[in-house]
Amino acid sequence: MNFNQLYTAYSPKIYRVCLGYLNDIDLAKDIMQETFITAWENLQMFRGDAKIETWIYRIATNKCLRQLQYEKRERTADLPFHIPDEHQEVYKEDDRVLLLRQCIAELKEIDRLIISLYLEELSQQKIADIVGMSHENVRIRVHRIKEKLGKKIKANGKF
Amino acid sequence: MENFNEIKAIWQQQQQELPPVKEVLQKIKKYKRTAIVKAYVVLLALVLSLIIMLLVLVNTPFKLWTSYVGAILVCITIIYMFLFKYNTLTKKRNEGLMSNNAYLKKLKQDIVDGDKNSYKTKLFGMCIWGVAYAFFIYEIVYTSTQYMVIGYAVLIIFWVVLWFVYRPYKVKKYQEKIQRFIQKIEAIH
């Protein structure tokens, strides 16, 4: 797979995962682009396509986690739900999308990554490889996160 | 849960206006150029400093051996700083090889080691500069008691401030920084 193919195939998915973790459209785009810069620098190391998905998601999720170092970047999860985002005007995002993102933003960091990867339809084994947990651990976490998310979303009554 | 498929569908429908691949490739080229300039301008400055110092050493007929010792110590410091900087720059990161948990552990270790090494290197560099200065200025000041007192008083003040003010301040700052960061990492598990 060459870089163009990699970018075309994975940029929307990587963007959504970054957005799920960061809940910030501009930052998610920055991290997504940084992910592909790193991917471009290291692409020659890959011979087969089998592990490339795990690899690109690892780069993206590790870059998201690196944001922990930057204290000035505040999470937007604590803002009230109804404050309109300028991007909502531009992209006319569904309220349900915003609610979903906010609910995910209230989860712990690793849980945000797990659920974002799960929503991208990655297998639990792949998620386990990316996050560095056992498959069983991921399975239990996914179950708990789904329950938590379900309760938060129902509490808002928007679905 | 029955509506999780609905949640998945909502997730997948998130709108995005992502840059085309050409734009990303242009950004990559720009990033590479900036990274190279940033990385190597410091190294180039150190190399030029070393060349200048060597020219001074070779072409200046010092009267006393202390000036030669001072100049050599300056050269040693420049080489030391060059190697440290070069080593930092050539460390290549490939986050794709590590799982998130392994990456967090490495990040934690990096910030503990990295800040400590950077601060120790700077402190060591400054100490050597101080010693080099002490040797170097002797030839200039030894004929005048007044100049000798002023010259070495400045040096002593520099060392006192370095050791009793700058060093504890930096130690405290980096310890606070790593503690905050380690707490964040530990809180996410």
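- Residues K27(B) and F36(A) fail the side-chain proximity criterion, which asks for heavy atoms closer than 4.5 Å.
- Follow the hydrophobic side-chain contacts under 4.5 Å out from L50(B) and you never reach L44(B); the two are in separate clusters.
- With rounding to the nearest 0.5 Å, the separation of CD1 in I7(B) from CG in L99(A) is 9.0 Å.
- Neither the backbone nor the side chain of T8(A) comes within contact range of chain B, judged by heavy atoms closer than 4.5 Å.
- Rounded to the nearest 0.5 Å, atoms CD1 (I115(A)) and CH2 (W11(B)) are 8.5 Å apart.
- In this structure, V97(A) and Q13(B) approach most closely via the heavy-atom pair CG2-NE2, 3.9 Å.
- Both V56(B) and I51(B) are members of a single hydrophobic cluster when ILVMFWY side chains are connected at heavy-atom separations under 4.5 Å.
- Using a distance-only test at 3.5 Å, with no hydrogens or angles considered, a donor-acceptor pair links the side chain of Q12(B) to the main chain of L119(A).
- Residues satisfying the side-chain contact (heavy atoms from CB on, under 4.5 Å) test with W40(A), not counting sequence neighbours, are F3(A), L25(B), I28(B), K32(B).
- Within the 4.5 angstrom heavy-atom criterion, atoms from both the backbone and the side chain of P19(B) approach chain A.
- The hydrophobic cluster containing V165(B) does not contain V160(B), counting ILVMFWY residues as joined when their side-chain heavy atoms lie under 4.5 angstrom apart, directly or transitively.
- Here L98(A) contributes atom CG and Q14(B) contributes atom CD; the two are 9.0 Å apart, rounded to the nearest 0.5 Å.
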Working note: I110(A) + L104(B), criterion side-chain contact (heavy atoms from CB on, under 4.5 Å); need CA distance, chi angles, decisive distance, verdict. CA-CA 11 Å; I110(A) 292 285; L104(B) 285 169; 4.3 Å; yes
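- The ring pair (Phe, Tyr, Trp, His ring centres under 6.0 Å) analysis of residues 145-173 of chain B, with sequence neighbours excluded, yields no pairs.
- Residues V161(B) and Y133(B) do not share a hydrophobic cluster, defined by chaining ILVMFWY side chains whose heavy atoms lie under 4.5 Å apart.
- I14(A) does not touch chain B: none of its heavy atoms, backbone or side chain, sits under 4.5 Å away.
- Inspection of the Y103(B) and R66(A) side chains reveals an N or O donor paired with an N or O acceptor under 3.5 Å.
- Scanning all heavy atoms of the two residues, the minimum distance from D129(A) to S99(B) falls at O-CB, 3.6 Å.
- Taking G20(A), A39(A), S116(A) one by one and counting their heavy-atom pairs under 4.5 Å with chain B, the maximum is reached by S116(A).
- One hydrophobic cluster, built from ILVMFWY side chains closer than 4.5 Å, holds both I76(B) and L57(B).
- Heavy atoms only, all atoms of each residue included: N100(B) and R58(A) are closest at ND2-O, 4.2 Å.
- A 6.0 Å sphere centred on CZ of R144(A) holds no more than 12 heavy atoms belonging to other residues, nucleotides or ligands.
- In the displayed structure, H135(A) atom NE2 is contacted under 6.0 Å by more than 12 heavy atoms of other residues, nucleotides or ligands.
- Within the cation-pi definition used here (under 6.0 Å to the ring centroid, within 45° of the axis), K8(B) qualifies as a partner of Y118(A).
- In this structure, Y7(A) and P20(B) have side chains that are not in contact, with every pair of non-hydrogen atoms separated by 4.5 Å or more.
- Contact annotation for N4(A): both backbone and side-chain heavy atoms come within less than 4.5 Å of a heavy atom of chain B.
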